[in-house]
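Only this structure's heavy atoms are used, side chains among them; waters, hydrogens and symmetry mates stay out. The model shown is predicted, which means the values in this text are computed figures rather than measured ones.
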Amino acid sequence: MSNQAVQRDHEIAYMSLMQGLKQLDFRGPSVPSDLVLIGDHSFPLAMNSQGQVLMAASLYGSGRIVVLGHEYYLTLFPALVENALKWLRGDGSDNPSVAVHRNVQAVADNLSRSSFQTEVVGSFSNDLKAAVYVTDAYSVGADPKDLVAFLKAGGGVLMAGQAWSWAADPPKENTLLNFDGNKVSGVAGVYISDHPAELENLPVYPQIPSSFMALVLGKDFEDDLQFLLQGVSEFTLPNGLTASEVLVHGPLAFPIGTTDNGQAFLAGAYYGQGRVIVVTHEGLLWNEELARFWTSAIHWLDEGRRGVVGVAPDKALAMVSKSGLQCKKTGFKKDLSVFVCTASISDHLEEIQNFVAEGGGLLMGGHAWYWAQMHRGKNPLTEFSGNKILNKMGLSLLGTTLSGGVYKAPVPSQAMKNTYHFRHLLHRFARHVTVGEELSKHEEEHLKKLGTDCATYLNMKAHNCCSYTQVVATLTDVLKKSGLPQVSDSCPIKSPKDHLLLSVGAEVYKVCPDPDALLPHLIQDNPLLPVVYNHKIKINVNTEGGEDWVSTGLYLSPGMKTYISIPAVIVNKGWQIQIGCQTDRLNAKELKRPPCVHERFPVTSEMIQVWNLWGGLIYLVAPPKTQVQGAEVTVQMAVPAPYYKSGVTTEADWLLLRTAPSPWAELEFDNIILTVPSDAVRNLERPDEVASLWNDIMRAIADLAAKPHKFPRKERFVAEVQISHGWMHAGYPIMAHKSSAAGLLNVKNARTNGIWGSIHELGHNQQRGCWEFPSHTTECTCNLWSVYVHEEVLGLNRAKAHSAMSVEKRSARAKDYVKGGRQLSSWSMWVALETYMQLQERFGWDAFKKVFAAYHKMSNFPKDNKGKMNLFTETFSQTVGMDLTGFFKAWGWPIDAASEQKLSSLPPWSDHPMVQYD
């Protein structure tokens with residue numbers, strides 16, 4: 001069942017429970033407890049203006065439970081009780097039998113005229129034939145496990161009571177675990193807390209009530225941290241260890257160990273009647289530096305039972321045994337007190353959840369970052385096996401990482417004030433936006449992280465979880481109140497608050513129940529652009545060069561939705577639809593656009609609806625190793641874009657197309673596609689001349705690389721307002737600032753002044769690890785293509801192509817390098833390029849082409865720089881028929897005796913340019 005379907009089930013249940021009720025007047029002498037809800041199945045029935053829950057319902061196993069915050073409400077709201085009894089007996093059941101505990105006999109009296117048959121009992125027993133059991137929260141009996149088993153097997157439970165007066169009596173006890181009612185209701189994710197609730201006359205809302213006020217934590221965790229951190233002042237994570245971050249998001253989840261910037265690597269939570277602790281690298285489970293903590297942790301999870309601790313990972317057994325409890329190596333078993341496992345566990349997931357809910361302890365260690373790297377395109381929050389357990393408990397392992405180090409343990413009495421907690425800070429931020437409360441400096445410093453965490457959390461898409469829907473509702477309200485910063489290059493944003501809003505805007509838009517109502521608060525300037533209907537695109541692809549974007553020449557305005565008809569031949573074959581050309585994710589202090597502005601949709605059916613809050617060009621994304629010829633896609637409605645394609649678009653077509661309303665334009669040539677703001681092409685009259693220039697450039701790039709002229713995948717340039725790093729950066733696509741757009745299209749300027757930076761990035765895409773020596777040549781060998789293209793295609797001498805290539809500067813670099821002792825640590829970028837230029841000036845470009853061609857035929861390359869440098873020396877020497885070892889040694893290369901011996905039969909290059917410095 002989908003998350004949305006489960007959410008609908010909750011709404012249907014809510015409507016059944018509230019049927020015929022207009023209001024619930026709680027004003028009176030009886031003060032209820034605030035109910036704390038966790039897990040996937042609990043949801044509020046009545047919530048006051050402070051976000052406190054006075055009534056709630058939930059599911060557990062096959063059964064249902066309704067909890068009221070005071071026993072008085074069992075008689076105050078007889079219509080609600082009747083609704084509850086009907087819902088609790090289950091769909092399709094007409095069993096009229098209801099067992100009522102004698103302490104709430106008034107319920108039976110009220111039901112005397114109803115269709116229910118009541119039996120007043122002294123306690124719950126397994127002999128009862130009733131479909132529903134009604135009790136106060138103080139009389140669950142000596143062994144509440146029987147009532148939990150009844151609920152799990154399909155029974156209904158109606159429970160009512162408050163815990164604040166119980167909690168006021170000494171000795172101070174843990175209300176969540178030790179209050180009688182919670183031993184049953186807590187298993188289903190509904191806790192009767194020790195916080196009194198405010199009394200109001202509440203309307204019955206048409207939908208499950210929600211409020212940002214409800215985001216408060218259900219506990220302060222001071223006593224838990226005091227127990228767990230006995231004798232622990234800091235956590236030492238070994239250097240070289242790469243752990244995941246854990247997102248702590250549940251009402252009863254709390255961080256235990258965090259980095260200085262608030263990333264949690266150790267966290268705990270209450271779940272049902274049990275507890276869980278997660279550490280974000282399995283190696284930490286047996287790390288001696290954490291030995292004292294693990295002893296406390298095992299006892300906290302065991303809750304004083306002194307039961308058996310089952311340990312799945314071999315290496316953890318010795319560490320866990322230091323707890324003094326009985327420990328044994330085993331897989332999961334229901335009769336354990338505590339189970340220790342890694343986050344990669346894939347068996348017994350539901351059983352483990354129930355084990356914890358019914359009182360067991362769980363210690364899990366592991367990371368999700370490696371899984372995320374190995375499963376690109378998949379969502380670690382929902383698909384990584386450990387998270388299938390942890391998510392429900394309010395904890396989620398992320399693909400983000402943190403490093404080793406020494407991190408201070410929190411001070412228990414100050415933890416909630418000084419430690420970053422996602423849920424707490426979100427509540428504070430919501431108050432800041434909606435009622436103007438000031439944030440502390442500590443809170444403001446973490447707003448940017450909160451934005452990232454909100455965006456991550458929303459990707460859980462747990463629409464079946466009350467906590468999740470409360471967060472969605474909160475962020476929706478925040479965005480409606482504050483609006484979204486209308487960021488642009490002329491109006492950049494810097495504040496943490498604006499960062500947060502931009503991070504979450506698109507994610508909330510994707511998951512909120514009514515995105516159309518939210519859209520005007522997010523995009524203020526969104527003019528209606530002319531559209532075309534039922535536009536057909538032919539697909540002809542052969543993706544031997546990796547994932548390929550197929551341009552459609554169409555654009556979607558911000559928030560605009562369209563349907564795309566997909567041919568069956570590409571459905572469920574790894575294809576995707578992408579909206580937006582700007583695929584860089586930004587992490588800058590100053591933003592000129594939102595951090596992420598593209599969306600992808602997997603092609604899983606023959607009709608797909610797509611959209612993007614930020615709008616964008618429409619692409620079909622073909623997976624690697626795919627051949628499709630002649631298939632046809634139809635886009636129901638979209639905005640036409642200025643789109644020129646060599647050999648297809650005529651000059652007359654272009655004069656009309658260049659005025660198309662999309663703000664983005666594309667020019668597709670033989671081996672490259674240029675994506676630029678449309679303003680750059682509005683006055684472009686001769687795209688064929690631009691095509692000729694780039695076709696020549698790309699042929700030259702292929703020639704130097706010793707590759708066929710037809711690229712396996714056309715290169716792409718995207719010129720936009722802000723990119724992730726540098727002035728330009730290589731990749732697919734190559735990203736450049738929008739001021740570069742004019743230079744990409746200006747043929748005259750290219751032939752007069754050159755376009756060094758653009759060719760430099762294309763050169764990066766030609767680099768191969770087998771003849772690269774990082775980090776020395778990373779920014780060097782790509783310039784071989786810059787020099788070659790400028791001289792061979794654009795007719796510009798290397799000294800004119802770039803100021804750094806003047807004779808004087810080249811000579812000075814070589815001299816300074818020699819003076820510095822020919823240290824490879826200084827051999828990089830322009831210095832390193834001089835080595836290659838000296839080779840080129842003696843042996844010509846053909847030598848490089850032959851060397852690169854030779855590498856195409858090799859395999860089993862050395863992995864280290866020294867081995868690769870010796871291989872390059874041998875290959876170049878053999879290609880030109882001359883022993884170059886003396887030349888490369890003069891540049892400080894680590895040439896070994898074996899290479900010298902191998903090349904000793906060749907004549908030496910004795911008059912190389914470096915001789916003058918000997």
Side-chain angles (χ1 to χ4, degrees), residues 545 549 551 553 581 641-655 657-658 664-705 707-720 727-728 730 732-766 782-802 805 845 849:
W549 301 1
S551 298
C581 57
Y643 176 49
Y644 175 90
K645 186 170 185 178
S646 293
V648 176
T649 310
T650 66
E651 187 174 340
D653 290 339
W654 174 248
L655 293 179
L657 278 171
R658 68 179 180 175
W664 286 96
E666 288 199 318
L667 304 173
E668 181 169 350
F669 307 138
D670 290 354
N671 282 309
I672 194 167
I673 303 166
L674 309 178
T675 308
V676 296
S678 292
D679 289 348
V681 305
R682 297 297 189 205
N683 297 317
L684 179 64
E685 295 186 355
R686 294 293 304 275
D688 56 318
E689 291 181 352
V690 184
S692 178
L693 170 69
W694 281 100
N695 290 343
D696 288 347
I697 289 172
M698 299 308 291
R699 276 194 294 271
I701 285 172
D703 283 341
L704 182 56
K707 292 179 178 178
H709 282 172
K710 180 172 170 51
F711 279 47
R713 173 177 69 179
K714 295 182 182 185
E715 295 279 20
R716 279 185 177 273
F717 262 96
V718 174
E720 63 131 322
W727 183 248
M728 293 185 184
Y732 182 82
I734 294 167
M735 304 298 297
H737 286 266
K738 71 174 186 177
S739 55
S740 304
L744 295 172
L745 305 177
N746 192 323
V747 176
K748 182 179 179 181
N749 185 65
R751 297 192 184 279
T752 307
N753 299 311
I755 45 174
W756 182 280
S758 303
I759 311 304
H760 171 98
E761 303 305 339
L762 287 164
H764 270 306
N765 284 356
Q766 294 301 321
C782 53
N783 286 326
L784 291 172
W785 277 266
S786 294
V787 176
Y788 182 76
V789 167
H790 280 77
E791 292 190 340
E792 301 298 314
V793 177
L794 303 178
L796 294 175
N797 177 274
R798 60 193 65 178
K800 188 176 180 183
H802 197 290
M805 295 299 290
W845 288 116
K849 294 174 185 178

Answer with yes or no whether the side chains of Y644 and E666 bring together a donor and an acceptor at under 3.5 Å. no
Any luck finding a side-chain donor-acceptor pair between R716 and Y732 under 3.5 Å? yes
Distance in Å, [X] [atom1] paired with [Y] [atom2], rounded so as to fall on 0.5 Å steps:
X    : Y    : atom1 : atom2 : result
S692 : R686 : OG    : CZ    : 10.0 Å
K849 : D703 : NZ    : CG    : 5.0 Å
L684 : D679 : CG    : CG    : 13.0 Å
T649 : W654 : OG1   : CH2   : 8.0 Å
N765 : I701 : CG    : CD1   : 9.0 Å
R658 : L667 : CZ    : CG    : 12.0 Å

With the side chain counted from C-beta on, respond yes when [X] and [Y] share a heavy-atom pair under 4.5 Å apart, and no when they do not.
X    : Y    : answer
L794 : T752 : no
Q766 : C782 : no
V787 : M805 : yes
T675 : P733 : no
E720 : M735 : yes
I734 : L762 : yes

Smallest separation among heavy atoms of [X] and [Y], with atom names:
X    : Y    : value
S678 : A665 : OG-N, 3.5 Å
A750 : L796 : O-CD1, 3.8 Å
A700 : V789 : CB-CG2, 4.2 Å
V681 : V676 : CG1-CG2, 3.8 Å
L745 : A680 : CD1-O, 3.5 Å

Return yes when atom NZ of K645 has more than 12 non-hydrogen atoms of other residues, nucleotides or ligands closer than 6.0 Å, and no otherwise. no
Tell me, yes or no, whether the heavy-atom count around E689 atom CD, taken from other residues, nucleotides or ligands under 6.0 Å, exceeds 12. yes
Donor-acceptor pair, [X] side chain versus [Y] backbone, under 3.5 Å?
X    : Y    : result
E761 : A730 : yes
N783 : S786 : no
H790 : I755 : yes
N695 : D670 : yes
K714 : F669 : yes
W727 : S740 : no
R751 : G795 : no
N671 : F711 : yes
W664 : P677 : no

Residue pair R798, E791: steps toward the side-chain contact (heavy atoms from CB on, under 4.5 Å) verdict: CA-CA 7 Å; R798 60 193 65 178; E791 292 190 340; 2.7 Å; yes
Trace of the side-chain contact (heavy atoms from CB on, under 4.5 Å) decision for H709 with M698: CA-CA 8 Å; H709 282 172; M698 299 308 291; over 6 Å; no
My understanding is that only residues two or more places apart in sequence, or in another chain, count here; which of them pass ring-ring contact (aromatic ring centres under 6.0 Å, His included) with Y788? W845
ring-ring contact (aromatic ring centres under 6.0 Å, His included) involving H802 - partner list, sequence neighbours excluded: W756, W830
